[in-house]
Amino acid sequence: MRVLLIEDDELIADGVMAALRESGAVVNRLALGRPGLQALKADRPDILILDLGLPDIDGFELLREAKRLAPDLQVLVLTARDSTEAKVQGLDLGADDYLTKPFARAELLARVRVLERRLGNAGAALIQIGPLSLDTRQMQASVDGQALTLSRREYMLLKALVENAGVIQTRDALETRIYGWGEEVASNAIEVHIHHLRRKLPADFIKTLRGIGYLVSRP
Ligand code: CA
């Protein structure tokens, strides 16, 4: 799951990022709204966590624009405005849930899990390519009905390849799918994950296009 956090308060942002990363999400964060909109277009996260009180743009305006750009995006709004009108306005503009500051870490994670489940329900839940099936609700892959034991990154990498079957994925594109912006990534990280994945998959399931990237062919 990929999350974009737009929040100008450093303390809150650090807390949200730490909690979500521990729970297994890839989280990128921006402190301003306008670059946030650019990142939504370029980076296409699954979930947006949006602080309504940003220095450069009205939060409601950003929310409206975000939903226009990405109608399937799940949005959790964070706000200090504890008024009913603000909540109603936010929900009317397409926010999927609301969290009033200050909030507990457990509540944040619970709300995000709900959004994540909705996300799974919206997209294709089961992707089948040859002998491989990927159950995106259970986050489980199997080959000929035998469940695979995958690390979180291996699963995310496989999902990225399978969702884009028939389209070559560059190493950079794959890195963006499985690592956050600030995360330390070894230069051979993707190669290493691919190597591990291949030992669990049928021979030649993931093809290497030397100097270009990787490909899972459409059946
Ligand atoms: Ca703020």
Side-chain angles (χ1 to χ4, degrees), residues 1-123 152-153 156 160 172-173 175-185:
M1 178 188 50
R2 303 179 67 248
V3 180
L4 177 65
L5 169 66
I6 308 179
E7 165 66 78
D8 61 318
D9 183 309
E10 295 293 330
L11 268 180
I12 293 177
D14 287 351
V16 169
M17 281 169 60
L20 288 175
R21 281 184 177 160
E22 250 172 66
S23 79
V26 172
V27 194
N28 291 319
R29 179 243 172 173
L30 288 164
L32 292 174
R34 291 189 198 285
L37 276 176
Q38 292 307 314
L40 274 179
K41 281 185 228 173
D43 209 45
R44 308 178 62 92
D46 305 307
I47 294 178
L48 170 65
I49 302 182
L50 174 66
D51 170 31
L52 281 185
L54 293 168
D56 65 330
I57 183 171
D58 176 64
F60 291 115
E61 193 187 324
L62 197 157
L63 175 58
R64 191 186 300 115
E65 186 60 15
K67 273 293 186 177
R68 196 186 61 78
L69 284 172
D72 296 335
L73 180 72
Q74 296 289 311
V75 185
L76 173 62
V77 155
L78 304 180
T79 184
R81 306 176 202 183
D82 191 16
S83 81
T84 307
E85 300 93 276
K87 284 181 190 178
V88 170
Q89 194 182 350
L91 293 169
D92 278 350
L93 286 175
D96 298 280
D97 204 354
Y98 226 101
L99 208 46
T100 305
K101 297 173 190 175
F103 47 83
R105 171 198 167 91
E107 187 174 10
L108 167 76
L109 292 178
R111 303 278 178 122
V112 169
R113 277 197 299 274
V114 171
L115 296 185
E116 195 179 5
R117 277 201 294 276
R118 270 190 220 158
L119 211 59
N121 293 343
R152 180 171 65 88
R153 305 258 199 222
M156 290 167 76
D172 284 354
E175 274 182 11
T176 335
R177 285 289 298 262
I178 71 169
Y179 291 101
W181 295 336
E183 284 186 84
E184 201 69 45
V185 186

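The structure displayed is predicted, hence computed values, not measured ones. All ligand and atom numbering here is 1-based and tracks the order in the structure.
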Side-chain donor or acceptor of Arg44 paired with backbone N/O of Ala70 under 3.5 Å: no

Which N, O or S atom of Asp51 lies nearest to the Ca ion (ligand 1), by name: OD2

Heteroatom N/O/S of Glu7 within less than 3.0 Å of the Ca ion (ligand 1): no

Side-chain heavy atoms of Val26 within contact of Tyr179, under 4.5 Å: no

The Ca ion (ligand 1) to nearest N/O/S of Leu54 less than 3.0 Å: no

Note, Arg117 side chain near Gln74 side chain (heavy atom, < 4.5 Å): no

Of the N, O or S atoms in Asp8, the one nearest the Ca ion (ligand 1): OD1

Lys67 side-chain N/O to Leu73 backbone N/O, donor-acceptor pair under 3.5 Å: yes

